Amino acid sequence: MTQALSRDAFEQALRDKGRYYHSHHPYHVAMYEGRATREQIQGWVANRFYYQVNIPLKDAAILANCPDRDTRREWVQRIIDHDGTPGEGGGIEAWLTLAEAVGLDREQVLSQELVLPGVRFAVDAYVNFARRASWQEAASSSLTELFAPEIHQSRLSSWPQHYPWIDAEGYAYFRTRLGQARRDVEHGLSITLDHYTTYEAQQRMLDILQFKLDILWTMLDAMSMAYELHRPPYHSITTERAWHKGIAL
């Protein structure tokens, strides 16, 4: 039997997965380098909304499978962060503000009619995984948050300069998530390092983290087809561009 990685070595192996984070996808690189079109940014915001509204469903599935009260008490904050509370909108509302800031219609974004099938399939796969996996595995899959603060900061640093047409109020989501993501990483990382203590379990966790990275990368692949290569779903058999309605061309 192969010896388990030390706690520090296991954490480093997790962090090394950052080279597969979607911040390195050409679609994201174009956005923070100022080469994205208005259509591409609007398409990203509209499609990413589907991910945002499913985060609380993923976290609720983790809570439903978790028998540990202390963990539930801490994890439930993630749902509150996104769903908000009476009188406070939370992350989903902040994302809708971003959508309006880039020129999208709020009701159309809420309707999800702009969501590409590939994006929907990827996000649904993630939620279904969280429902069926052990609560520790589902919780650990959230550790792509290890790499999130950097990507939020890149948007805050580069978008105002490159895209002056975006209303500054739209950046509230990214500013808020800078702190929330760091807090969530601390909790998720402690669960992961405590739970996966054999070599086989650690390799399983690295595979789970890669699965989540694949989800995020695949979402951008679908957007690249639609908004960069102009090959939206069924483009070869219909002249309708249903997934571009409401997005500036």
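The figures here come from the full heavy-atom set of this structure, side chains too, leaving out hydrogens, waters and symmetry mates. Just so it is clear, the model here is predicted, and its values are computed rather than measured.
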Atom pair CG (Asn47) and CG (Leu114), whose distance is rounded to the nearest 0.5 Å: 7.5 Å

Where Ala122 and Thr218 come nearest, the two heavy atoms and their spacing: CB-CG2, 4.4 Å

Distance in Å, Met205 CE paired with Lys17 NZ, rounded so as to fall on 0.5 Å steps: 9.5 Å

Nearest non-hydrogen partners of Val53 and Leu57, listed with the distance: O-CG, 4.1 Å

For His28, ring pair (Phe, Tyr, Trp, His ring centres under 6.0 Å) partners two or more places apart: His22, Trp44

Check against side-chain contact (heavy atoms from CB on, under 4.5 Å), Thr97 and Tyr173: CA-CA 8 Å; Thr97 300; Tyr173 177 87; over 6 Å; no

Side chain Gln42, main chain Val102, donor-acceptor under 3.5 Å: yes

Hydrophobic cluster identity match, Met223 and Val29, side-chain contacts under 4.5 Å: no

Step-by-step side-chain hydrogen bond (donor to acceptor under 3.5 Å, both in side chains) determination, Gln12 to Asp8: CA-CA 6 Å; Gln12 187 58 54; Asp8 288 344; over 6 Å; no

Test item: His235 side-chain N/O and Pro232 main-chain N/O as donor-acceptor pair under 3.5 Å: yes

Tyr27 vs Asp221 side-chain heavy atoms within contact, under 4.5 Å: no

From CA spacing to verdict: side-chain contact (heavy atoms from CB on, under 4.5 Å), Met219, His25: CA-CA 10 Å; Met219 290 169 62; His25 192 287; over 6 Å; no

Student check: side-chain heavy atoms of His187 and Gln77 closer than 4.5 Å: no

Residues, nucleotides or ligands: over 12 heavy atoms within 6.0 Å of Gln153 CD: yes

Glu169 side chain near Glu100 side chain, heavy-atom distance below 4.5 Å: no

Flag side-chain contact, heavy atom, 4.5 Å: Leu14 against Tyr196: no

Whether Arg72 side chain and Pro67 backbone form a donor-acceptor pair below 3.5 Å: yes

Verify same cluster id: Leu156, Ile41 (apolar side-chain graph, 4.5 Å): yes

ILVMFWY network linking Leu178 to Leu98, side-chain heavy atoms under 4.5 angstrom: yes

Name of the residue among Tyr20, Phe129, Trp217 meeting ring pair (Phe, Tyr, Trp, His ring centres under 6.0 Å) with Phe211: Phe129

side-chain contact (heavy atoms from CB on, under 4.5 Å) evaluation trace for Tyr50 with Leu116: CA-CA 10 Å; Tyr50 188 67; Leu116 298 162; over 6 Å; no

Trp95 vs Arg48 side-chain heavy atoms within contact, under 4.5 Å: yes

Arg132, CZ atom: more than 12 neighbouring heavy atoms under 6.0 Å: no

Cluster overlap Val119 with Met225, hydrophobic side-chain contacts below 4.5 Å: no

Test item: side-chain donor near acceptor, Arg177 and Gln180, under 3.5 Å: yes

Residue pair Glu150, Tyr21: steps toward the side-chain hydrogen bond (donor to acceptor under 3.5 Å, both in side chains) verdict: CA-CA 11 Å; Glu150 181 179 351; Tyr21 192 51; over 6 Å; no

Residue pair Arg78 / Ile55, side-chain heavy-atom distance below 4.5 Å: no

Side-chain cluster (under 4.5 Å, hydrophobic types only) that Ile191 belongs to, other residues: Ile62, Leu63, Trp75, Val76, Ile79, Trp135

Nearest atoms (heavy-atom pairs only) where Arg7 meets Ser190: NH2-O, 4.3 Å

Closest contact, heavy atoms only, Ala148 versus Ala181: CB-CB, 4.3 Å

Spacing of Thr192 atom OG1 and Gln136 atom CD [to the nearest 0.5 Å]: 9.5 Å

Check: Gln40 side chain, Tyr227 main-chain N or O, donor-acceptor pair, under 3.5 Å: yes

Close side-chain approach of Glu39 to His230, heavy-atom, < 4.5 Å: yes

Spatial distance of atom CD1 (Ile151) from atom CE (Met31) [nearest 0.5 Å]: 7.0 Å

Parallel, tilted or perpendicular: ring planes of Tyr171 versus Phe174, cut at 30 and 60 degrees: tilted

Leu5 to Gln202 - nearest heavy-atom pair and separation: N-OE1, 2.8 Å

Working for side-chain hydrogen bond (donor to acceptor under 3.5 Å, both in side chains), residues Asp207 and Gln203: CA-CA 6 Å; Asp207 288 342; Gln203 294 307 302; over 6 Å; no

Asp83 side chain to Ile92 backbone, donor-acceptor under 3.5 Å: no

Residues Arg73, Asp70; criterion side-chain contact (heavy atoms from CB on, under 4.5 Å); working and verdict: CA-CA 5 Å; Arg73 283 173 169 169; Asp70 290 338; 3.6 Å; yes

Between CG on residue Asp124 and CG on residue Asn54, distance to nearest 0.5 Å: 6.0 Å

Over 12 non-hydrogen atoms of neighbours within 6.0 angstrom of CZ in Arg35: yes

Joint hydrophobic cluster, Leu104 plus Leu110, side-chain heavy atoms closer than 4.5 Å: yes

Tyr51 side, atom OH; Ile215 side, atom CD1 - distance, nearest 0.5 Å: 9.0 Å

Criterion salt bridge (charged side-chain N to carboxylate O under 4.0 Å, His left out) on Glu145 and Arg183, from CA distance to verdict: CA-CA 10 Å; Glu145 291 165 332; Arg183 177 207 65 205; over 6 Å; no

Side-chain (Tyr126) to main-chain (Leu216) donor-acceptor, under 3.5 angstrom: no

Residue Glu200 excluded, over 12 heavy atoms near CD under 6.0 Å: yes

Shortest non-hydrogen contact between Ser141 and Ala138, atoms and distance: OG-O, 2.6 Å

Test item: Glu228 and Leu220 side chains (from C-beta on) under 4.5 Å apart, heavy atoms: no

